[in-house]
Visitor: 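Just passing along the structure, written as structure tokens.
Only this structure's heavy atoms are used, side chains among them; waters, hydrogens and symmetry mates stay out. Residue numbers start from 1 in every chain, and the chains themselves are labelled A, B, ... in the order their sequence lines are given, proteins ahead of strands.
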There are 2 protein chains.
Amino acid sequence: MTALMLTRPLLRSRLSGEIENILLKGIIKGQLAVGEKLPTERELARDLVVNRSTVREALGRLESLDLVEIRHGDGVYVKNYLESGNLELIRAMIRLDDRQRDDIIAALLEFRTIIGPEMAFRAAENRTEEHLVSLEEVIWKNEDLSILEKDIRVHHIIALAGANVLYLTLLNFFNKFVVEYGYLYFNDQENVKRSQRFHEEIYHAIRDRNAGLARKIMKDVLLYAQNVVVDTLQIGKKSNRR
Amino acid sequence: MTALMLTRPLLRSRLSGEIENILLKGIIKGQLAVGEKLPTERELARDLVVNRSTVREALGRLESLDLVEIRHGDGVYVKNYLESGNLELIRAMIRLDDRQRDDIIAALLEFRTIIGPEMAFRAAENRTEEHLVSLEEVIWKNEDLSILEKDIRVHHIIALAGANVLYLTLLNFFNKFVVEYGYLYFNDQENVKRSQRFHEEIYHAIRDRNAGLARKIMKDVLLYAQNVVVDTLQIGKKSNRR
DNA sequence: AATGATTTATTGGTCGGACCACCGGACCAA
DNA sequence: TTGGTCCGGTGGTCCGACCAATAAATCATT
């Protein structure tokens, strides 16, 4: 894997997707008040110069995100996105509102630092022989995996061993950011070495069912990563202000 | 609000919604393998005796849940739902597979018990005068609110004060279950009193910026609730086995 | 005048059929 | 082997029509 990933797939736009983004933005930015009734599908289609089916597909996806409520025979109503309980919204907030980006990423890292160690603790308690084999595969075999992929898989196996479906879900959520920005972290060879050391240490702790140690190891590495990224963001802020 | 919520809105079936559920179930239960190519929209429409538009709306929602990937000019492919990072899936798993229900709920309670106290800690550190006023409103004014609504609002304000968008999102997610099953907990008057005591104590801790105390208070109440519910689920299991 | 049943206009849900945009593979040519 | 072209199939959009549910207006009854 190249560091800069020059050839990334273009994101094809779908007409219904653009409409979805327009409304999504309107809701998150508060231009569409909570409880407000949207124009009818036919009106939206007319105003956007688009077919009603296309509008419907956009609205359907928005309802799937719990951003609107579609009432048959009545209309479409805006819901409070702050009460939606949908992770995808966090990604949308970052995508649509750059000002909040750094704060949100900081919050994610803080959260991960709190929950990750506890899951490592449980992983060390509950791990089976299969989990160990999987970890060995990733850490010592599979030479062709990048450090980023290795790291993601190690965390994934730990989440599986921790046996908490919510943590697994959150980890997958985090990983979407790791995949996107992780190469920045691993550009520093020092961090690569640190990560390799982490993989070996956490493996031994989990193998020995030393839950307390596993928790500490995880806590240290997550805290370190958190600090690195937050520092980077701070630098970004300063350089923007000069 | 009545305890049993006798008048809950009927869940009107949407044809596209039923199709969505069918495919959702197939994916979660593993009948549709990861990477597998689904039948074409036209085929699905023909087999299900339904219009293609209806199939499309169902597939679009599934893509919104990150369960399938729709490739223009190619086809629709099943994704690995265990890597989707979507909270809504957890709800779907509970809805579609009763066997996992208790385990998942136990995992959610465990998670909440880990993260809630830390957020209370941060809330005590970051709270503003406005947060205190909001808490006072809910706890001592607003006599007409049920204990369940009060509890939800108190936690919500704490999440706002904690200023972590991810925790706010998760809390909203948790609350969907609290709204659904919370009356069971509050049927016991002892738990109602315990909750009222909790509201007052956590308020004072947050007001005094006593972060450590706020964390302990939150931890105690969440641990207690966790134990109560898990015990209840255990009873359910036993009675099923008799 | 108040209440309850009924009608009506509006809105979302489904339909079928058409055409466009895109993809993958087959085929061909350099 | 490489690159270009063509072609069948697939998802994306469009059109116009009708079905089904809702809310508001209307009417009938008391």
Side-chain angles (χ1 to χ4, degrees), chain A residues 7-24 26-27 32-80 84, chain B residues 7-24 26-27 32-80 84:
Chain A
T7 60
R8 63 167 61 193
L10 303 174
L11 37 101
R12 317 216 146 280
S13 62
R14 230 180 321 208
L15 211 44
S16 61
E18 291 190 36
I19 297 174
E20 185 185 350
N21 273 337
I22 290 174
L23 296 175
L24 179 61
I27 292 174
L32 298 172
V34 174
E36 183 175 342
K37 186 174 180 175
L38 258 50
T40 68
E41 295 178 348
R42 290 168 176 88
E43 281 176 326
L44 280 174
R46 176 167 45 76
D47 296 348
L48 296 170
V49 193
V50 92
N51 191 270
R52 190 177 150 218
S53 313
T54 308
V55 172
R56 279 184 57 76
E57 298 200 0
L59 291 176
R61 285 175 135 89
L62 288 177
E63 188 181 53
S64 201
L65 289 176
D66 207 14
L67 286 177
V68 301
E69 181 180 350
I70 303 176
R71 300 189 200 148
H72 187 176
D74 186 354
V76 182
Y77 294 83
V78 177
K79 296 188 70 173
N80 185 352
S84 77
Chain B
T7 62
R8 63 167 57 195
L10 304 174
L11 34 104
R12 318 216 147 282
S13 59
R14 226 177 327 205
L15 212 44
S16 61
E18 291 189 37
I19 297 173
E20 185 186 349
N21 274 338
I22 291 173
L23 296 175
L24 180 60
I27 293 174
L32 298 172
V34 175
E36 182 176 343
K37 185 173 181 175
L38 256 51
T40 67
E41 296 177 348
R42 290 169 176 86
E43 281 176 327
L44 281 174
R46 175 167 47 74
D47 296 349
L48 296 170
V49 193
V50 92
N51 192 269
R52 189 177 152 217
S53 313
T54 308
V55 172
R56 280 185 57 76
E57 299 200 1
L59 291 175
R61 286 173 132 91
L62 287 177
E63 187 180 54
S64 201
L65 289 177
D66 208 12
L67 285 178
V68 301
E69 181 180 349
I70 304 177
R71 299 188 200 148
H72 187 175
D74 186 354
V76 182
Y77 294 83
V78 177
K79 296 188 71 172
N80 185 351
S84 76

Visitor: May I have the distance from A:His72 (atom NE2) to C:dT11 (atom P), rounded to whole angstrom?
Guide: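 That distance rounds to 13 Å.
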
Visitor: Please find the pair of heavy atoms, one from A:Asp66 and one from A:Lys79, that lie closest to each other, and give the distance.
Guide: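 Residues A:Asp66 and A:Lys79, closest heavy atoms: OD1-NZ, 2.9 Å.
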
Visitor: Side-chain N or O of A:Ser16 versus OP1/OP2 of D:dT13: is the shortest distance under 4.0 Å?
Guide: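 It does, given that an N or O in the side chain of A:Ser16 lies less than 4.0 Å from OP1 or OP2 of D:dT13.
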
Visitor: What is the distance, rounded to the nearest whole Å, between atom NZ of A:Lys37 and atom P of C:dT10?
Guide: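 So the NZ-P distance, A:Lys37 to C:dT10, works out to 12 Å.
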
Visitor: Under the rule for salt bridge (charged side-chain N to carboxylate O under 4.0 Å, His left out), what residues qualify as partners of B:Glu63, not counting sequence neighbours?
Guide: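 B:Glu63 satisfies salt bridge (charged side-chain N to carboxylate O under 4.0 Å, His left out) with A:Arg14, A:Arg61 only.
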
Visitor: Write down the distance between CD1 (A:Ile70) and P (D:dA21), rounded to a whole number of angstrom.
Guide: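 Taking CD1 of A:Ile70 and P of D:dA21, I get 16 Å after rounding.
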
Visitor: For B:Arg56 versus A:Glu57, what's the shortest heavy-atom pair and its separation?
Guide: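 For B:Arg56 versus A:Glu57, the nearest heavy atoms are NE-OE2, 2.8 Å.
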
Visitor: Show the nearest heavy-atom pair for residues B:Ile70 and B:Leu59, with the distance to one decimal.
Guide: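 Heavy-atom minimum between the residues: CD1-O, 3.8 Å.
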
Visitor: With respect to the phosphate group of D:dT22, does any side-chain polar atom (N or O) of A:Arg71 fall under 4.0 Å of OP1 or OP2?
Guide: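 Answer is no, no contact under 4.0 Å.
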
Visitor: Would you mind reading off the distance between A:Glu41 atom CD and D:dC18 atom P, rounded to a whole angstrom?
Guide: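 Answer to the nearest Å: 19 Å.
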
Visitor: Could you tell me how far apart A:Ile19 (CD1) and D:dG12 (C1') are, to the nearest whole angstrom?
Guide: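 Rounded to the whole Å, the gap is 12 Å.
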
Visitor: At their closest point, which heavy atom of B:Ala45 faces which heavy atom of B:Asn51, and how far apart are they?
Guide: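 Smallest heavy-atom distance, with atoms named: CB-C, 3.9 Å.
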
Visitor: Considering only heavy atoms, which members of residues 42-57 of chain A lie under 4.0 Å from some atom of DNA chain D?
Guide: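 Residues of residues 42-57 of chain A under 4.0 Å from DNA chain D: A:Arg42, A:Val50, A:Asn51, A:Arg52, A:Ser53, A:Thr54.
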
Visitor: Could you list by number each residue of residues 59-68 of chain B showing a heavy-atom separation from DNA chain D of less than 4.0 Å, or answer none if no residue does?
Guide: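 Per residue number, the list is empty: none.
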
Visitor: How many angstroms lie between OG in B:Ser16 and CG in B:Leu48, if you round to the nearest 0.5 Å?
Guide: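 It is 12.0 Å, given to the nearest 0.5 Å.
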
Visitor: Rounded to the nearest 0.5 Å, what separates atom CG in B:Leu32 from atom CD1 in B:Ile22?
Guide: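 Here the interatomic distance stands at 11.0 Å.
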
Visitor: Check the pair B:Leu65, B:Ser84 against side-chain contact (heavy atoms from CB on, under 4.5 Å), reporting the backbone distance first and the verdict last.
Guide: CA-CA 8 Å; B:Leu65 289 177; B:Ser84 76; over 6 Å; no

Visitor: How many whole angstroms separate atom CZ of A:Arg14 from atom P of D:dG12?
Guide: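 Checked: the CZ to P distance equals 5 Å.
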
Visitor: I need the CD-C1' distance between B:Glu69 and C:dC22, as an integer number of Å.
Guide: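 In whole Å, C:dC22 C1' and B:Glu69 CD are 15 Å from each other.
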
Visitor: Can you list the steps and then say if A:Leu24 with A:Ile27 is a side-chain contact (heavy atoms from CB on, under 4.5 Å)?
Guide: CA-CA 5 Å; A:Leu24 179 61; A:Ile27 292 174; 5.7 Å; no

Visitor: Nearest to the side chain of A:Val76 - C:dG24, C:dG12, C:dC22?
Guide: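 The answer is C:dG12.
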
